[in-house]
Amino acid sequence: MSSPTDPVPLGVSMRVNGVYKVTNIPASTLLVTFLRETCGLTGTHIGCDTSNCGACTVLVDQHAVKSCTMLAVQADGAEIETIESLSAHDEEGELRLHPLQVAFAEEHALQCGYCTPGMIMAALDIIRDAPELDEQSIRRELEGNLCRCTGYQGIVRAIRIAADRMIGECAEHPTSQPPPVRSGRKEVS
Amino acid sequence: MYLADFAYLAPTDLDEVIRQLRDDDRECKVIAGGQSLIPLLKLKLAAPNLLVDLRRVPELRRPVRVEDGDLVLSSMTCYSQLLNDPLVAEHAPLLCAAVRTVADRQVRRLGTIGGTCAHADPAGDAPAALVALNATFIIQGPEGRRALDAPEFFLGFMETSLGPAEVLVEIRIPSTAGWKVSYQKAQGNAQAWATAAVGVAVQLEAGEIKRACVGMCNLGMTPLRAAAAQDLLIGRTYEADVIRAAARAAAASSSPPSDVFASANYRMHLAEVLTVRAIEDALG
């Protein structure tokens with residue numbers, strides 16, 4: 001007979017990119033493993049697996065965290081946003097990228113692209129916190145995300161440009177409080 | 001990475017947490033934000049059979065408040081909450097200066113003030129500031145509540161006086177509103193642990209130092225208070241030889257470790273340099 005404290009799978013429920021996910025997982029499951037293997041959302045990358053590089057950055061209840069250093073059970077009941085939530089197809093079937101994704105492409109802010117999902121999710125958190133950013137504050141706030149190939153010039157430029165455009169979008173849609181995020185609403189289960 | 005399996009509980013009241021920790025004869029670990037514990041689980045340096053999560057305990061998540069002249073922080077207050085709270089900025093500016101240098105924004109979102117103290121890594125920034133500021137640690141266990149001063153709380157390298165079934169509930173910090181502060185940290189890169197760091201808070205009256213707090217990080221097996229340096233500063237004004245004497249006294253009261261990042265000698269040198277910088281920055 002199992003006691004209530006045996007390592008049996010635990011029930012968790014989360015809203016991942018707007019879709020409710022209710023499932024049983026071992027308590028030892030990392031949030032990044034849950035997202036990649038249980039939800040099939042492989043846009044969130046595992047880089048260093050030691051909470052240094054930030055490739056695994058996702059938003060939990062609107063704030064950036066490193067999903068390789070959080071247990072999925074710690075996020076029980078939370079709202080998760082991953083890179084997959086940022087772009088969506090519009091009514092005409094055309095892919096609509098998020099302003100951050102557009103700016104990253106325009107400013108050559110990626111080369112191999114491995115760090116990009118984490119960079120963009122961290123940038124989203126930074127911009128939501130304080131949309132009026134100068135270069136120095138972007139560099140300071142981005143200290144938890146490492147890029148090992150393209151360097152930071154384009155990344156910092158892209159974030160500043162995207163922040164300006166997102167403020168613009170907010171001015172056009174005054175009811176939306178934080179800069180709007182387009183939800184992909186993909187089924188994950 | 002896949003972690004070794006463990007059982008997990010997230011009780012909703014403190015008594016239940018303590019009962020669980022007391023009654024379970026297997027190896028139990030308490031998890032707060034997990035920013036120190038999860039890396040240890042990955043390295044298999046910790047291999048608990050049961051993890052007891054504090055995140056659902058309201059008593060450990062009370063808002064930051066001021067009581068009887070003390071700033072009171074619940075143990076589950078995360079770094080980013082603390083940095084955004086005007087009461088902390090007003091009443092414990094040195095703690096803010098130290099916490100601002102901890103890791104990065106993602107880690108500061110999950111890491112908690114109680115977690116870093118219970119983990120007691122001598123390279124922790126917040127514990128050094130708390131020791132400097134004469135904080136009191138309120139602990140609850142099967143025998144009830146007790147209050148410990150920092151030197152009684154931090155016993156050694158990753159060692160505290162928390163018993164196996166005790167939980168850090170809150171930290172009380174005497175207000176240092178209006179004091180001048182500086183936290184100077186030497187580190188390998190932006191998000192690294194401190195190679196060494198020194199925090200200084202001084203209360204000035206007409207240019208004279210009335211009271212002084214000097215805390216040292218990663219300059220001993222526990223966070224340290226440089227009492228001799230403090231004594232040399234009190235009653236003095238901004239004078240180069242006073243600052244140098246205080247810095248030498250701080251270095252002399254350190255007992256730093258040697259490791260792959262720096263030798264004990266180099267850390268001793270840093271203790272002096274960083275103390276000079278911190279005092280100059282605070283007074284300047």
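In what follows, every chain begins at residue 1, and chains take the letters A, B, ... in the order their sequences are listed.
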* Might you work through the side chain to side chain contact (heavy atoms under 4.5 Å, CB included) test for B:R108 and A:V65, ending with a clear yes or no? => CA-CA 9 Å; B:R108 289 194 295 267; A:V65 302; over 6 Å; no
* **Closest heavy-atom pair and its distance - B:D5, A:A27** => OD1-N, 4.4 Å
* Do you know which two heavy atoms are closest between B:R55 and A:V73, and how far apart they sit? -> NH2-O, 3.0 Å
* Structure fact -> Under 4.5 Å to a heavy atom of chain A? For B:I31 that would be side chain
* **A:Y114 atom OH: more than 12 heavy-atom contacts under 6.0 Å** => yes
* Where does B:A192 contact chain A at under 4.5 Å (heavy atoms): side chain, backbone, both or neither? -> neither
* Is there side-chain contact between B:P39 and A:T50, with at least one heavy-atom pair below 4.5 Å? -> no
* Looking only at atom types and distance, does a side-chain atom of B:Q106 sit under 3.5 Å from a main-chain N or O of A:G54, one as donor and one as acceptor? -> no
* Asked: Within the side chain of A:K66, is there an N or O that forms a donor-acceptor pair under 3.5 Å with the backbone of B:V107?
  -> no
* **Carboxylate-amine/guanidinium contact A:D125 B:R109, below 4.0 Å** => no
* For the pair A:E143 and B:R100, find out whether any cationic side-chain nitrogen is under 4.0 Å from an anionic carboxylate oxygen. => no
* For B:A103, is it the side chain, the backbone, both or neither that has a heavy atom under 4.5 Å from a heavy atom of chain A? -> backbone
* Between A:R140 and B:D104, is there a side-chain N and carboxylate O pair less than 4.0 Å apart? -> no
* Structure fact -> Rounding to 0.5 Å, atoms OG1 (A:T29) and CG (B:L3) come to a distance of 8.5 Å
* What part of A:T69 is in contact with chain B, defined as an atom under 4.5 angstrom from a non-hydrogen atom: side chain, backbone, both or neither? -> both
* To do: Please name the pair of heavy atoms, one in B:K42 and one in A:L30, separated by the smallest distance, quoted to 0.1 Å.
  => CE-CD1, 3.8 Å
* To do: Compare every heavy atom of A:S28 with every heavy atom of B:A4, then report the nearest pair and how far apart it is.
  => O-CB, 3.6 Å
* A:D129 versus B:R105, closest heavy-atom pair with distance -> OD2-NH2, 3.2 Å
* Asked: Can you find a pair of side-chain heavy atoms, one from B:Y8 and one from A:V8, that are under 4.5 Å apart?
  -> no
* Please state whether the side chain, the backbone, both or neither of B:L51 comes within less than 4.5 Å of a heavy atom of chain A. => side chain
* **Shortest non-hydrogen contact from A:C68 toward B:I38** => O-CG2, 4.2 Å
* Considering only heavy atoms and a distance below 4.5 Å, find which of A:N52, A:V32, A:I46 pairs most often with chain B. => A:N52
* **Engaged part of A:L142 at the chain B interface, taking heavy atoms whose separation is under 4.5 Å** => neither
* **Within 6.0 angstrom of B:R62 CZ, more than 12 heavy atoms from elsewhere** => no
* Take atom CZ of B:F261 as the centre, draw a 6.0 Å sphere, and report whether it contains more than 12 heavy atoms from other residues, nucleotides or ligands. => no
